[in-house]
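Reading through the structure tokens given below for one structure.
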Amino acid sequence: MGLTNNDIFKKLRVAHKLRDDDIVKVCALVDFKVTKSELGAIFRNENHPKYMECGDQILRNFLNGLIIHLRGPMPEKKKTSPNNKNPK
């Protein structure tokens, strides 16, 4: 029995000491909206009636936002002109 998306999300939350507000901001970095109530349902016990499974989309967007949060945005790549592919 492997880890579920909820387990991974919970472990990342604890490891990075993130609160619900922080997670909402991290997700906003990739233009993904998640509410505190949704997060509360994701972090509940599996036996709780309002428990919600964390889907792949939520976890993927959180991970992408976490990368930006920790590293910063990716720098823009320099465009090379077709004539100067290998300058010497």
Side-chain angles (χ1 to χ4, degrees):
M1 187 166 152
L3 293 174
T4 64
N5 285 351
N6 291 61
D7 295 333
I8 295 167
F9 206 171
K10 287 177 191 176
K11 288 181 182 294
L12 287 168
R13 176 187 185 197
V14 171
H16 291 283
K17 300 176 186 169
L18 297 172
R19 295 182 175 193
D20 289 347
D21 292 334
D22 300 327
I23 294 172
V24 170
K25 290 176 186 174
V26 166
C27 289
L29 293 173
V30 290
D31 297 326
F32 184 75
K33 292 184 176 33
V34 64
T35 64
K36 288 185 187 180
S37 59
E38 287 176 314
L39 293 174
I42 289 170
F43 294 131
R44 292 185 189 275
N45 189 336
E46 291 180 23
N47 300 329
H48 194 279
K50 297 202 177 195
Y51 169 80
M52 182 176 91
E53 283 191 26
C54 177
D56 292 340
Q57 181 181 15
I58 294 173
L59 186 60
R60 181 183 66 244
N61 282 298
F62 170 72
L63 290 172
N64 288 334
L66 188 62
I67 290 168
I68 294 170
H69 175 72
L70 296 174
R71 293 186 191 170
M74 284 191 67
E76 291 185 24
K77 294 182 179 179
K78 294 181 181 178
K79 294 183 180 180
T80 58
S81 63
N83 297 335
N84 294 334
K85 289 186 179 179
N86 293 324
K88 292 184 180 180

Please check if [X] and [Y] belong to a single hydrophobic cluster, counting links between Ile, Leu, Val, Met, Phe, Trp and Tyr side chain heavy atoms closer than 4.5 Å.
X     : Y     : answer
Val14 : Leu3  : no
Leu70 : Ile67 : no
Val34 : Val26 : yes

For Lys25, give me all partners under side chain to side chain donor-acceptor pair (under 3.5 Å), at least two apart in sequence or on another chain. none
For Asn45, what residues pass the side chain to side chain donor-acceptor pair (under 3.5 Å) criterion, not counting sequence neighbours? none
So, applying side-chain contact (heavy atoms from CB on, under 4.5 Å) with Leu66, which one of Val30, Leu18, Asp22, Ile23 is it? Leu18
The side chain to side chain contact (heavy atoms under 4.5 Å, CB included) partners of Lys50 (sequence neighbours excluded) come to Arg44, His48
Which pair of heavy atoms, one from Leu29 and one from Gly65, lies closest together, and at what distance? CD1-O, 3.7 Å
What's the shortest heavy-atom distance between Tyr51 and Ile42, and which atoms? CE1-O, 4.1 Å
Run Met52 and Ile58 through side-chain contact (heavy atoms from CB on, under 4.5 Å) and show every step you take. CA-CA 12 Å; Met52 182 176 91; Ile58 294 173; 4.3 Å; yes
Would you say that Ile8 contacts Leu12 through its side chain, given a criterion of any heavy-atom pair below 4.5 Å between the two side chains? yes
Among residues two or more places apart or on two chains, list those pairs meeting side chain to side chain donor-acceptor pair (under 3.5 Å) that have a residue in residues 55-66. Asn5-Asp56
If a pair satisfies side chain to side chain donor-acceptor pair (under 3.5 Å) and one of its residues is in residues 26-35, list it, with sequence neighbours excluded. Thr35-Ser37, Thr35-Glu38
What do you reckon, are the aromatic ring centroids of Phe9 and Phe43 less than 6.0 Å apart? yes
Tell me which pairs pass salt bridge (charged side-chain N to carboxylate O under 4.0 Å, His left out) where either residue lies in residues 5-18, with sequence neighbours left out. Arg13-Asp20
